[in-house]
Amino acid sequence: MKIASFNINGIKARAGQLAEWLAEARPDVVALQEIKTVDEGFPAGPFEDLGYRVETHGQKSYNGVALLSRLPLDAISRGLPGDDADEQARWIEADVEGEKGVVRLAGLYLPNGNPAPGPKFDYKLAWMERMRARAAELRALEMPVVMAGDYNVIPTDDDAARPEAWTEDALARPESRAAFRRILNDGWRDGLRERDGSAGLYSFWDYQAGAWPRNNGIRIDHLLLSPQAADRLTGAGIDRDQRGRDKPSDHVPVWVELDL
DNA sequence: ATGGTGGGGAGCCCA
């Protein structure tokens with residue numbers, strides 16, 4: 001089972017590129033972030049034509065996540081538990097039925113948190129603690145679970161071309177890295193790192209200041225695996241070439257392959 | 001130090 005994550009930065013602007021990438025890469029299921037539309041505005045047709053079922057958790061203008069799957073989905077749920085007053089659409093879950101077994105998949109768009117310090121940074125850290133609580137519940141299922149998405153966290157200095165430029169940024173501040181490590185330390189594995197190391201592998205290049213031609217990238221899109229998922233890991237990768245296309249997202253797809 | 005580029009959707013907010 002090939003599971004991917006892709007922050008498409010606006011599905012309406014990216015439907016064509018996404019459909020072409022799906023036809024080439026043929027992931028079984030994709031977690032999308034920043035669809036930036038309400039559910040009714042999501043252009044599902046092109047993806048359904050490619051055999052994908054579309055499940056959205058949308059929001060007007062900002063955020064919004066979705067799952068696209070050509071395998072059966074079950075037990076779909078929307079929203080990160082732990083704060084009924086939180087209206088930001090950043091979390092969606094489903095069971096994905098593979099040939100050899102079921103994977104619980106969470107697609108997530110973790111808050112950016114800039115400027116830090118400030119209320120947005122406080123929201124990010126509080127959201128990460130809520131995520132940690134949900135992750136603990138998922139891990140207790142003792143089944144293959146994948147949490148895939150834009151984490152907006154640069155885990156270590158190896159995950160940035162210019163780490164010194166990010167030291168004060170919400171993506172790399174010690175509090176953000178510590179919160180990410182706390183989740184990992186509860187028993188999750190970083191799929192990209194697990195496979196063949198990840199130093200110098202990036203998933204995001206800013207639109208500004210020539211970040212892409214200079215390869216001034218960062219790795220902030222991650223797939224965290226429960227132990228039962230990690231035991232089935234057979235491959236992982238980043239589809240870096242997508243960043244060089246016309247009108248690209250500032251993120252590229254990241255993926256893992258599981259024997260399931 | 002500053003400003004540089006995008007998406008969404010209608011004047012800025014967000015990244």
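These numbers come from the heavy atoms of this one structure, side chains and all, not from hydrogens, waters or symmetry mates.
For A/Y202, there are no ring-ring contact (aromatic ring centres under 6.0 Å, His included) partners, not counting sequence neighbours. Taking A/W212 as the reference, A/W205 meet the ring-ring contact (aromatic ring centres under 6.0 Å, His included) condition, with sequence neighbours excluded.
Out of B/dA15, B/dA10, B/dG6, the shortest distance to the side chain of A/K60 is found at B/dA10. Taking only side-chain atoms of A/Y62, from C-beta outward, the nucleotide of B/dG4, B/dA15, B/dC14 with the closest atom is B/dC14.
In this structure, the CG atom of A/N112 is 11 Å from the P atom of B/dC14, given to the nearest Å. In this structure, CG of A/D206 is placed 10 Å from P of B/dG6, rounded to the nearest angstrom. Atom CZ of A/R90 is separated from atom P of B/dC14 by 11 Å (rounded to the nearest Å). A/W205 has its CH2 atom 24 Å from the P atom of B/dG4, to the nearest Å. One atom, OH of A/Y123, and another, C1' of B/dC13, lie 16 Å apart when rounded to the nearest Å. To the nearest angstrom, P of B/dC13 lies 18 Å from CG of A/N9. To the nearest angstrom, P of B/dG7 lies 17 Å from CG of A/N63. The CD1-P distance, from A/I220 to B/dA15, rounds to 11 Å in whole Å.
Separating the CZ atom in A/R243 from the CD1 atom in A/I238 is a distance of 13.5 Å, to the nearest 0.5 Å.
Residue order along DNA chain B, read from the 5' end via each residue's closest nucleotide, puts A/A209 first among A/A209 and A/Q88. The residue among A/D150 and A/K12 whose nearest nucleotide of DNA chain B lies closer to the 5′ end is A/K12.
The separation of B/dC14 from B/dA10, taken at their C1' atoms, amounts to 15 Å, rounded to a whole angstrom. A distance of about 16 Å separates the C1' atoms of B/dG3 and B/dA15, rounded to the whole Å.
Using a 4.0 Å heavy-atom criterion, one finds that A/Y109 contacts the sugar-phosphate atoms exclusively.
At the phosphate of B/dC13, neither OP1 nor OP2 sits under 4.0 Å from any side-chain N or O atom of A/K36.
Taking the charged nitrogens against the carboxylate oxygens, A/D28 and A/K2 have no contact shorter than 4.0 Å, which rules out a salt bridge.
A ring-ring contact (aromatic ring centres under 6.0 Å, His included) with A/Y151 is found for one member of A/F180, A/Y109, A/W188, A/F204 and no other, namely A/F180.
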